[in-house]
Each structure stands twice: as structure tokens, then as C-alpha cells.
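The figures that follow rest on heavy atoms only: side chains count, while hydrogens, waters and symmetry mates do not.
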Amino acid sequence: MAEIRTDLAVESAQLARVKDPKEIEGVIQQRSEPKEGMVVYTVEITTPEGEKRMGKPVGKYISMDLDDPFGRGETFLEETAKEFSGHIRSVLDPVVQGDATVLIIGLGNRDVTPDSLGPLVTEKVLVTRHMKDSVPVELSGDLHSVCALAPGVLGVTGMETAEIVRGITDKVKPAAIIAIDALAARSLGRIAASVQVSNTGIRPGSGLGNRRKGLDQESMGVPVIAIGVPMVVYASTIVHDTVEQVLTDMQVGPEDAGSMLDFVHKKAVDEMGDMVVTPKEVDELVEKCAGVVADALNMALHEDITLEDARRFMS
């Protein structure tokens with residue numbers, strides 16, 4: 001069967017069930033009751049068998065699907081950020097106690113629009129590690145110690161992102177790292193309309209098919225929380241889905257359709273490689289997504305200040 005690529009755990013679970021309809025041992029899945037415009041999915045991989053079936057490390061993955069997020073107005077985006085901040089806290093609280101420093105890493109290339117999510121988020125988060133001793137006493141208790149960096153990419157710096165982040169981690173000694181990166185989705189409908197947080201770390205560039213050394217607890221020495229928004233879909237996946245729809249419309253039998261799909265998908269991968277597709281308005285979408293993620297981070301990390309205060313401090 002053709003291998004469809006995605007960075008979202010909820011889609012990996014769906015694909016695993018298509019390949020083998022049996023229950024996936026070692027994988028716990030939950031779907032929340034839908035709120036207006038949003039649905040939350042939780043996928044927890046607990047065993048090596050589950051890891052093998054899913055193709056993702058053992059850990060917890062929480063994703064939110066949003067229905068037309070940028071057509072619902074500013075109030076909906078603020079509600080989305082508040083909801084997502086709670087999910088960030090759910091994976092952050094077990095590893096960060098008190099005011100221990102959190103290091104935010106914005107992965108990606110700011111000069112490649114669909115890969116610029118990470119650097120854009122670092123520009124919008126409220127960094128406070130340098131301010132703790134200089135702000136009024138009545139305010140300092142409300143601010144968590146946060147620092148942030150967008151380390152660039154190997155082709156620009158000549159250094160692996162993991163090498164840069166490990167060096168900073170050894171110096172700053174954060175309690176945890178939060179890494180933000182653009183992801184690849186299996187479904188076009190999830191581009192800029194889903195957001196995922198996990199406690200498993202991340203591989204820089206995975207959303208653009210350019211896998212580098214991973215950022216995880218083993219390589220960094222501290223827990224690594226990953227946040228991502230799908231900004232691209234592999235071109236080979238689009239070809240696969242289009243042909244699948246054509247075969248369905250032609251009422252081709254499942255066995256013949258399966259072999260045809262496998263052939264077409266392999267041909268598409270051979271011809272297109274890691275080519276990805278993104279919407280023409282991606283520059284606007286990535287900017288808005290960065291704003292939602294940054295708002296969620298600011299609320300999750302600085303629990304005692306309002307979103308309005310965080311934005312005011314940033315202005």
C-alpha cells in the first residue's frame with residue numbers, strides 16, 4: 001500500500017487503520033465533543049508496538065482542527081489561542097516547576113514563506129529572562145522566565161540546528177525546550193487549520209521533507225515539547241487522492257483500485273520527490289498562524305497576565 005506522509009498523529013492513526021483495520025495496540029485515541037469551530041484530538045502512544053504502527057515516537061500528541069479559522073473573526077482566534085494554551089500547559093506542567101526557564105526555539109527558514117512559522121513565532125512571544133530583575137516587584141511574579149531563538153537552517157549557518165540548540169541549552173540550562181516548526185499534513189483541509197503539540201520532540205524541517213538531527217530529550221538533555229502547524233501537503237499525496245477519487249467515480253473494484261493507486265503513488269514519488277504544495281496566500285496564513293501560536297504560548301507561560309497585557313508588553 002502507498003505510504004502517505006504526514007506529521008500529524010491524528011492522521012497517522014487514520015492511515016494506520018486503513019492499512020490494518022485492527023485496533024492499534026499501545027495507542028489511545030480520544031476525540032473531544034466539538035466546540036463551535038474546533039475539535040480536539042488526543043493520541044497517546046504507549047508501547048513500541050504502537051510506535052511501529054504509527055511511525056511516531058512514544059508520547060502524547062494533542063491536535064486541534066479548526067473550521068475556517070480566519071473567516072470567523074478575531075474573537076474566534078483569541079478563543080482558539082486560549083484553548084490551545086491549556087493543551088500546552090497540560091504537557092508543560094509535568095516537566096516545568098515554578099519559574100524555571102523555558103527556551104523557545106523557532107525552527108525553519110524565515111526566507112521560505114511556508115517554513116517561516118517558527119521564526120515568526122519567536123518574534124511574537126514575550127521573552128522575560130532578561131527582565132526578571134528589572135521590572136517592578138508586583139509584576140515580576142506574574143512573568144515566567146522565557147527566552148527565545150530562531151537558529152536558522154543548515155544551508156545558511158553551516159551548523160546543524162541541533163548543535164546550536166544543544167550549545168545554548170548547556171549554557172542557559174532551561175527546564176524545557178519548546179520547539180515550533182511548520183508541518184506537512186495528509187489533508188489539504190488541515191493546512192493552516194490545525195495545530196499540534198506533543199511531548200516527543202521534533203525533527204527540524206520535517207514538514208518540508210528535509211529531515212535533520214532531532215531535537216528531543218535524548219539529544220538535548222532536557223524535555224522537548226513540539227508545536228507545529230501544517231503549512232504544506234506533499235504533491236504525491238495530492239496526486240494519490242485525485243486518482244483515488246477518479247477510480248471511485250469510475251466504480252473500479254477495490255483490488256484493482258488498490259494496485260493502480262500503489263503504482264500511481266510510486267510514480268508520483270519517483271517523479272516529484274519531496275515536492276510540496278502550499279496555498280497561494282501562504283504569506284498571510286503563516287503570519288496569522290504565528291500570531292495564534294504566540295498568543296497561546298504567552299498565555300500558557302505567563303498564566304497570571306492577560307492576553308491584552310502580553311500584547312501590550314510586546315508593542
Name of the residue among Leu117, Val197, Ile105 meeting side-chain contact (heavy atoms from CB on, under 4.5 Å) with Ile180
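That would be Leu117; it is the only one of Leu117, Val197, Ile105 passing the side-chain contact (heavy atoms from CB on, under 4.5 Å) with Ile180.
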So, [X] versus [Y]: side-chain donor-acceptor pair below 3.5 Å or not?
{"X": "Gln196", "Y": "Ser63", "answer": "no"}
{"X": "Asp216", "Y": "Ser219", "answer": "yes"}
{"X": "Asp283", "Y": "Thr113", "answer": "no"}

Residues [X], [Y]: salt bridge by 4.0 Å N-O rule:
{"X": "Arg72", "Y": "Asp67", "answer": "yes"}
{"X": "Glu271", "Y": "Lys267", "answer": "yes"}
{"X": "Glu303", "Y": "Arg89", "answer": "yes"}
{"X": "Lys266", "Y": "Asp270", "answer": "yes"}
{"X": "Glu287", "Y": "Lys124", "answer": "yes"}
{"X": "Arg166", "Y": "Glu160", "answer": "no"}
{"X": "Glu79", "Y": "Lys35", "answer": "no"}
{"X": "Lys82", "Y": "Glu78", "answer": "no"}

Between [X] and [Y] (side chain of the first, backbone of the second, donor and acceptor by atom type, cut-off under 3.5 Å), is there such a pair?
{"X": "Glu51", "Y": "Ile45", "value": "no"}
{"X": "Lys173", "Y": "Asp170", "value": "yes"}
{"X": "Thr46", "Y": "Gly26", "value": "yes"}

Cluster check [X], [Y]: I/L/V/M/F/W/Y, side chain < 4.5 angstrom:
{"X": "Val232", "Y": "Val269", "result": "no"}
{"X": "Leu120", "Y": "Val153", "result": "no"}
{"X": "Ile28", "Y": "Met54", "result": "no"}

Filter on salt bridge (charged side-chain N to carboxylate O under 4.0 Å, His left out), then keep only pairs touching residues 289-298, sequence neighbours left out; what's left?
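Listed by first then second residue: Asp295-Arg311.
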According to salt bridge (charged side-chain N to carboxylate O under 4.0 Å, His left out), does anything in residues 225-249 pair up with another residue at least two apart or in another chain? List the pairs.
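Checked against salt bridge (charged side-chain N to carboxylate O under 4.0 Å, His left out) - neighbours excluded - the pairs reaching residues 225-249 are Arg186-Asp241.
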Applying side-chain hydrogen bond (donor to acceptor under 3.5 Å, both in side chains), can you list everything that pairs with Lys52, at least two apart in sequence or on another chain?
none
Shortest non-hydrogen separation from Val125 to Thr122 and the atoms involved
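Minimum heavy-atom contact is CG2-O, 3.5 Å.
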Quick one: closest heavy-atom pair of Thr101 and Cys147, and the distance?
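Looking at all heavy atoms of both residues, the closest pair is CG2-SG, 3.9 Å.
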From [X] atom [atom1] to [Y] atom [atom2], the distance as rounded to the nearest 0.5 Å:
{"X": "Leu285", "Y": "Lys280", "atom1": "CG", "atom2": "NZ", "result": "11.5 Å"}
{"X": "Asp7", "Y": "Ser12", "atom1": "CG", "atom2": "OG", "result": "8.0 Å"}
{"X": "Ile202", "Y": "Thr161", "atom1": "CD1", "atom2": "OG1", "result": "11.0 Å"}

Just so I know, are the side chains of Arg31 and Val39 near enough to count as touching, which here means a heavy-atom distance under 4.5 Å?
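Yes, side chains in contact.
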